[in-house]
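Here's the structure, in structure tokens; my notes come after.
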Amino acid sequence: MQYFLVKSEPFKYPWSQFEKEKSTFWDGVRNYQARNTLMSMKKGDLVLFYHSNEGLEIVGIAKVQKEYYQDPTTDDARWCVVDLKAYKKLKQPIPLSTIKKDQLLQYMPLVKQSRLSVMPITEEQFMRIIDLSETKL
DNA sequence: GCCAACGTTGGC
DNA sequence: GCCAACGTTGGC
């Protein structure tokens, strides 16, 4: 089992819409590092859903439903998407300010690599967030 | 609006 | 292959 974090601007695609649609293909990744991370996702892996720009907090958990395939929004063979399905909303969202203060979480790429929209995180980091959010998996 | 932290482009 | 200049994201 691997763990990841993806960012979305609520303006474009908020968690509430994701929950309503139940699942979505995660498109728009145009960065090699993020693309490579997408390609390493396996079915069943858990993915944290972060709201950037507005909200600035981790709001929910998604599950990888389908592994990577050609991005249907472009003919460019370099880019791909994965299917994510909404798994669980966090009982308490985890704000960036908390992440920055936390001994474990401050080392997530989220904090320093602002341009990265898809990133791997460790099991310890994932579990810490679940813990802090008082959510049951 | 500013700045940090990248990624990208292109000249050499 | 190096590096300067520029572009982008996103927090503040």
Side-chain angles (χ1 to χ4, degrees):
Chain A
M1 171 78 78
Q2 304 172 96
Y3 303 92
F4 301 93
L5 184 148
V6 296
K7 297 198 292 198
S8 179
E9 299 179 43
F11 172 69
K12 285 185 193 152
Y13 195 78
W15 170 264
S16 56
Q17 188 183 344
F18 183 39
E19 236 177 6
K20 210 175 294 170
E21 293 177 1
K22 303 243 183 347
S23 75
T24 188
F25 58 88
W26 203 258
D27 67 329
V29 173
R30 294 291 182 272
N31 166 290
Y32 286 110
Q33 206 183 333
R35 196 270 321 254
N36 292 343
T37 305
L38 266 191
M39 290 171 72
S40 73
M41 288 185 182
K42 300 290 177 208
K43 192 175 177 182
D45 285 347
L46 295 177
V47 183
L48 295 172
F49 192 109
Y50 174 79
H51 277 168
S52 64
N53 278 319
E54 297 167 50
L56 307 185
E57 55 190 12
I58 298 172
V59 288
I61 313 167
K63 210 173 221 182
V64 178
Q65 189 168 39
K66 189 176 174 193
E67 292 169 21
Y68 77 93
Y69 55 97
Q70 170 66 35
D71 186 336
T73 65
T74 175
D75 288 334
D76 194 329
R78 292 177 299 170
W79 309 116
C80 60
V81 299
V82 295
D83 284 356
L84 296 181
K85 75 170 179 223
Y87 176 55
K88 224 164 231 190
K89 187 177 179 176
L90 292 187
K91 221 166 147 192
Q92 298 288 335
I94 305 299
L96 184 63
S97 55
T98 301
I99 292 169
K100 285 187 165 175
K101 274 183 272 176
D102 188 88
Q103 204 53 40
L104 269 176
L105 302 180
Q106 62 175 309
Y107 297 110
M108 294 199 299
L110 175 71
V111 178
K112 289 219 163 175
Q113 280 180 250
S114 60
R115 299 199 52 199
L116 202 56
S117 59
V118 181
M119 65 195 76
I121 60 172
T122 67
E123 182 174 3
E124 287 77 14
Q125 289 164 342
F126 182 85
M127 291 309 170
R128 164 57 62 89
I129 287 160
I130 297 308
D131 237 30
L132 292 173
S133 69
E134 299 167 32
T135 306
K136 281 186 187 139
L137 279 182

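Chain naming here is simple, since letters A, B, ... match the order of the sequence lines and numbering starts at 1 in each.
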**Study point:** Any pair counted as ring pair (Phe, Tyr, Trp, His ring centres under 6.0 Å), so long as it reaches residues 64-92 of chain A, sequence neighbours left out
**Key:** A:Y32-A:W79

Exercise for review: For nucleotides 7-12 of chain C, just jot down a letter per nucleotide in 5' to 3' order: B, S or -, based on protein non-hydrogen atoms under 4.0 Å.
Suggested key: BBBSSS

Review point. In whole angstroms, how far is the P atom of B:dA5 from the CE atom of A:M119?
Key: 15 Å

Practice item. Would you check if A:E67 and A:K42 make a side-chain contact, meaning some heavy-atom pair closer than 4.5 Å? Key: yes

Review point. Any ion pair linking A:R35 and A:D71 (charged N to carboxylate O, less than 4.0 Å)?
Key: no

Practice item. For A:E21 and A:Y13, test the side chains for any donor-to-acceptor distance below 3.5 angstrom and give the result as yes or no. Key: yes

Exercise for review: For the pair A:K7 (side chain) and A:L116 (backbone), establish whether a donor and an acceptor sit closer than 3.5 Å, ignoring hydrogens and angles.
Suggested key: yes

